[in-house]
> 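The structure's right below; bear with me while I get my questions together.
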Amino acid sequence: MRALCATDLSAASEATIENETCLDCLGRIGVRTVHLVTVVPANVHAGMPGVDFEERRRRGLDRYRSVIEDAGFGVETHVVRGTPHRRLNGLAETVRADLSVVGSRGQSPLENRVIGSTARNLARTTVVPLLVNRVERAADDPDVLREHLFRRILFATDFSEHADRAFDAFSYLRHAAEEATLVHVRSPKDGGPADGVDPDERLAERASTLEAWGIETRTEVRRGDPAEEILAAEAAMTPSTVLVGSKGRSRIRRLLLGSVSEEVVARASANVFLVPPPRAV
């Protein structure tokens, strides 16, 4: 597997890249090559007085390269210019990445969580599964909040094809997972069981798959607003990562998040692993 790891060379980005446990988790799920990429903003030009962003960023990536190579990965570095989320998506397709990783500062004690603009835009437009890795907010030398990336997974499902695609990610996440909670939320407007199948039975089927892989699994059916109930389950469970699927709304505005996924990505305390639908052709 190939992972694209986006960095702006900030302390928050460094926290993910230089955390040995995070790197070990990526290795456990099958990542063998890491593409380190940093984007120089399009409005920064080499001829500007006192500015040599590209060279500085190449030196920064070289420092990270040695850390990741020492952890046993092959590493390729990329310094590109343009709008960050667009260039990252383009590069993910070019190198045929299996997933992307981006760091996001944690929650302010005074405000609701708002993820950084690059992470937010990537979450809305990503063309490959995206790991939003939470990093301490109010720290000069921050660390990741959940360094065992996939040990405890909360999987939220509405039994749609998008959720099924996200569940399929367990085929590789299972190599780093020890526990999983499968949650389905029935909103007040829902009628009887969809397709005549009880949601508890559907969850039990998926749980049996995970338990056959040695993952301790529990299931839960909640009632209420889906986003709020998923976040409540996350607060109660404190998982390493919340696994969700996203919906594509149109061919023009590619792979925008559904409202539930967007709320989870923006407000969860844990890491979020977002699985998008196939890219529209």
> Could you state the interatomic distance from CG (L131) to CD1 (I29), rounded to the nearest 0.5 Å?
8.0 Å

> Could you tell me the separation between the CZ atom of R2 and the CG atom of L99, rounded to the nearest 0.5 Å?
11.0 Å

> Residues two or more places apart in sequence or in another chain: which of them pass side-chain hydrogen bond (donor to acceptor under 3.5 Å, both in side chains) with R174?
none

> Before accepting this row, confirm whether a basic side-chain N of the pair R267/E228 lies closer than 4.0 Å to the acidic partner's carboxylate O.
yes

> Less than 4.0 Å between a side-chain N and a carboxylate O, is that true for R124 and E262?
yes

> Anything under 30° is parallel, anything over 60° is perpendicular, the rest tilted; go ahead and classify F155 against F167.
tilted

> Indicate yes or no for a side-chain donor-acceptor contact from T126 to the backbone of A123 under 3.5 Å, with no hydrogens or angles considered.
no

> Specify the closest pair of heavy atoms between E220 and L203, including all atoms of both residues, with the distance to one decimal.
O-CD1, 3.6 Å

> Indicate the atoms forming the closest heavy-atom contact of V37 with L91, along with that distance.
CG2-CD2, 3.5 Å

> For the backbone of A270 and the side chain of R134, can you confirm whether one donor and one acceptor N or O come within less than 3.5 Å of each other?
yes

> Looking only at non-hydrogen atoms, find the nearest pair between H184 and D158 and report the distance.
ND1-CA, 3.8 Å

> What closest approach, in Å, do P129 and D98 show between heavy atoms, and which atom pair accounts for it?
CD-O, 3.3 Å

> Can you pull out every ring-ring contact (aromatic ring centres under 6.0 Å, His included) where at least one residue sits in residues 17-36? Sequence neighbours excluded, please.
H35-H78

